[in-house]
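Everything below concerns the one structure shown next.
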2 protein chains.
Amino acid sequence: MDNLDRGIIDLLRQNARAGYGDIGQEVGLSASAVKRRVDRLVADGVIRNFTIQVDPAVDGLHTEAYVELFCRGTVAPDELLRILADVPEVIDAGTVTGSADAIVHMRSRDIPSLEAALERVRHAPHVDHTRSAIVLSRLISRAID
Amino acid sequence: MDNLDRGIIDLLRQNARAGYGDIGQEVGLSASAVKRRVDRLVADGVIRNFTIQVDPAVDGLHTEAYVELFCRGTVAPDELLRILADVPEVIDAGTVTGSADAIVHMRSRDIPSLEAALERVRHAPHVDHTRSAIVLSRLISRAID
DNA sequence: GATGAAAAGTGCGAAAC
DNA sequence: GTTTCGCACTTTTCATC
């Protein structure tokens with residue numbers, strides 16, 4: 001993982017379909033050298049996936065919420081992970097400092113489907129209650145993982 | 001935007017480097033038909049970008065926080081956008097229901113750099129105060145926009 | 001270990017239909 | 001929408017440092 005790898009990653013982030021030759025010209029390597037490094041980055045798990053960013057509105061996913069999760073007693077992160085992994089509406093989540101145990105970012109088609117997903121989280125073991133903030137207008141979308 | 005388009009998008013989300021022929025075989029179209037649809041989806045802005053998902057830890061971005069933003073008086077979403085767009089540590093943000101005006105998801109190298117970014121947000125016009133929850137352990141990372 | 005150059009194979013992309 | 005075809009790209013091999 002040197003500066004060449006970082007350069008390759010930056011270029012792929014901007015355009016994952018860029019040709020190896022084009023990338024090589026930017027970072028100063030031959031096409032085959034770039035391919036070998038990309039293959040290694042994928043094998044090492046540095047590059048997790050090649051994906052596309054889709055307009056959420058077009059995709060029919062208009063409704064978002066940030067949900068604070070409060071649990072009874074002490075709950076291991078692994079247990080929270082198992083609960084949340086089963087709900088596809090959860091797009092990101094993490095345990096946090098403060099009074100809440102975790103913050104969960106959810107996205108779904110509409111309010112009813114969001115509510116249904118929220119109910120699934122609420123009725124999971126250990127979950128005491130939740131506090132939701134529905135997103136009114138999305139301001140920034142730079143997350144890629 | 002029909003079910004074929006949705007199928008193509010789903011496959012590209014899983015693997016943006018999938019060949020048009022392979023995609024066509026899955027959704028029941030020829031390679032060139034798939035290409036034309038993908039080109040149209042890109043032109044229409046449905047597909048925003050082809051990117052890679054990089055392990056944030058490898059990338060040196062270990063520190064995350066969810067920040068509630070409280071403003072003085074009424075602030076238009078556009079004004080909040082201008083404030084937040086200047087802070088690269090902001091990876092996603094939206095105005096929300098509830099007592100906070102917005103929720104901001106931030107990511108940076110470490111706590112000091114997170115604090116510095118937070119200071120920039122705090123001292124922006126209209127911002128009254130913030131309430132942060134530092135992420136202890138990331139549970140789910142499915143966001144792609 | 002790493003690279004670059006050249007070979008072979010594969011898929012893209014632009015036609016014509 | 002499909003099929004065809006030339007070409008560019010990927011991917012492998014090999015020699016080199």
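Computed from a predicted model, the values in this text were never measured in an experiment. Reminder, nothing fancy here: chain letters follow the sequence lines and each chain counts from 1.
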Provide, to the nearest angstrom, the distance between the CG atom belonging to A:Asp2 and the P atom belonging to C:dG1.
-> 16 Å
Give a yes or no answer on whether the side chain of B:Arg120 reaches the backbone of B:Asp86 with a donor-acceptor pair at less than 3.5 Å.
-> yes
Full working for salt bridge (Lys or Arg N to Asp or Glu O under 4.0 Å) between A:Arg13 and B:Asp59 | CA-CA 12 Å; A:Arg13 246 205 275 258; B:Asp59 207 29; 3.2 Å; yes
Distances under 3.5 Å only, N/O to N/O: pair up the protein atoms with those of nucleotides 10-14 of chain C.
| unit_1 | atom_1 | unit_2 | atom_2 | d |
| --- | --- | --- | --- | --- |
| C:dC12 | OP1 | B:Tyr20 | N | 2.9 |
| C:dC12 | OP2 | B:Tyr20 | N | 3.4 |

When the distance from CZ of A:Arg40 to P of C:dA2 is rounded to whole Å, what number comes out?
-> 7 Å
For atom CD1 of A:Ile8 and atom C1' of C:dT3, their distance in whole Å | 13 Å
Just by modelled atom types, is the B:Arg72 backbone N or O under 3.5 Å from a matching donor or acceptor in the B:Asp128 side chain?
-> no
Is there a donor-acceptor pair under 3.5 Å between the side chain of A:Asp92 and the backbone N or O of A:His105?
-> no
When Ile, Leu, Val, Met, Phe, Trp and Tyr are grouped by side-chain heavy atoms lying under 4.5 Å apart, directly or through other members, which residues fall in the same group as A:Leu80?
-> A:Val67, A:Leu69, A:Val75, A:Leu81, A:Ile83, A:Leu84, A:Val87, A:Val90, A:Val104, A:Met106, A:Ile111, A:Leu114, A:Leu118, A:Val121, A:Val127, A:Ile134, B:Leu139, B:Ile140
Determine yes or no for a side-chain-to-main-chain donor-acceptor pair under 3.5 angstrom, with B:Asn49 supplying the side chain and B:Thr51 the backbone.
-> no
If we ignore angles and hydrogens, is there a donor and acceptor under 3.5 Å between the side chains of B:Thr63 and B:Ser108?
-> no
Please state whether the phosphate of C:dA2, meaning OP1 or OP2, lies under 4.0 angstrom from any side-chain nitrogen or oxygen of A:Arg37.
-> no
Partner set under side-chain contact (heavy atoms from CB on, under 4.5 Å) for B:Asp2, not counting sequence neighbours | B:Leu4, B:Asp5, B:Arg37
Dot-bracket encoding per residue of DNA chain D, Watson-Crick/G-U cut-off under 3.5 Å, | denoting interstrand = ||||||||||.||||||
Members sharing A:Val96's hydrophobic cluster (side chains within less than 4.5 Å) | A:Tyr66, A:Ile103, A:Val135, B:Tyr66, B:Val96, B:Ile103, B:Val135
Would B:Thr130 and B:Arg122 satisfy side-chain hydrogen bond (donor to acceptor under 3.5 Å, both in side chains), going step by step from the backbone distance to the final call?
-> CA-CA 7 Å; B:Thr130 59; B:Arg122 274 196 193 124; 3.0 Å; yes
Start and end of the DNA chain D segment that chain B contacts, any atom under 4.0 Å from a heavy atom = D:dG1 to D:dT3
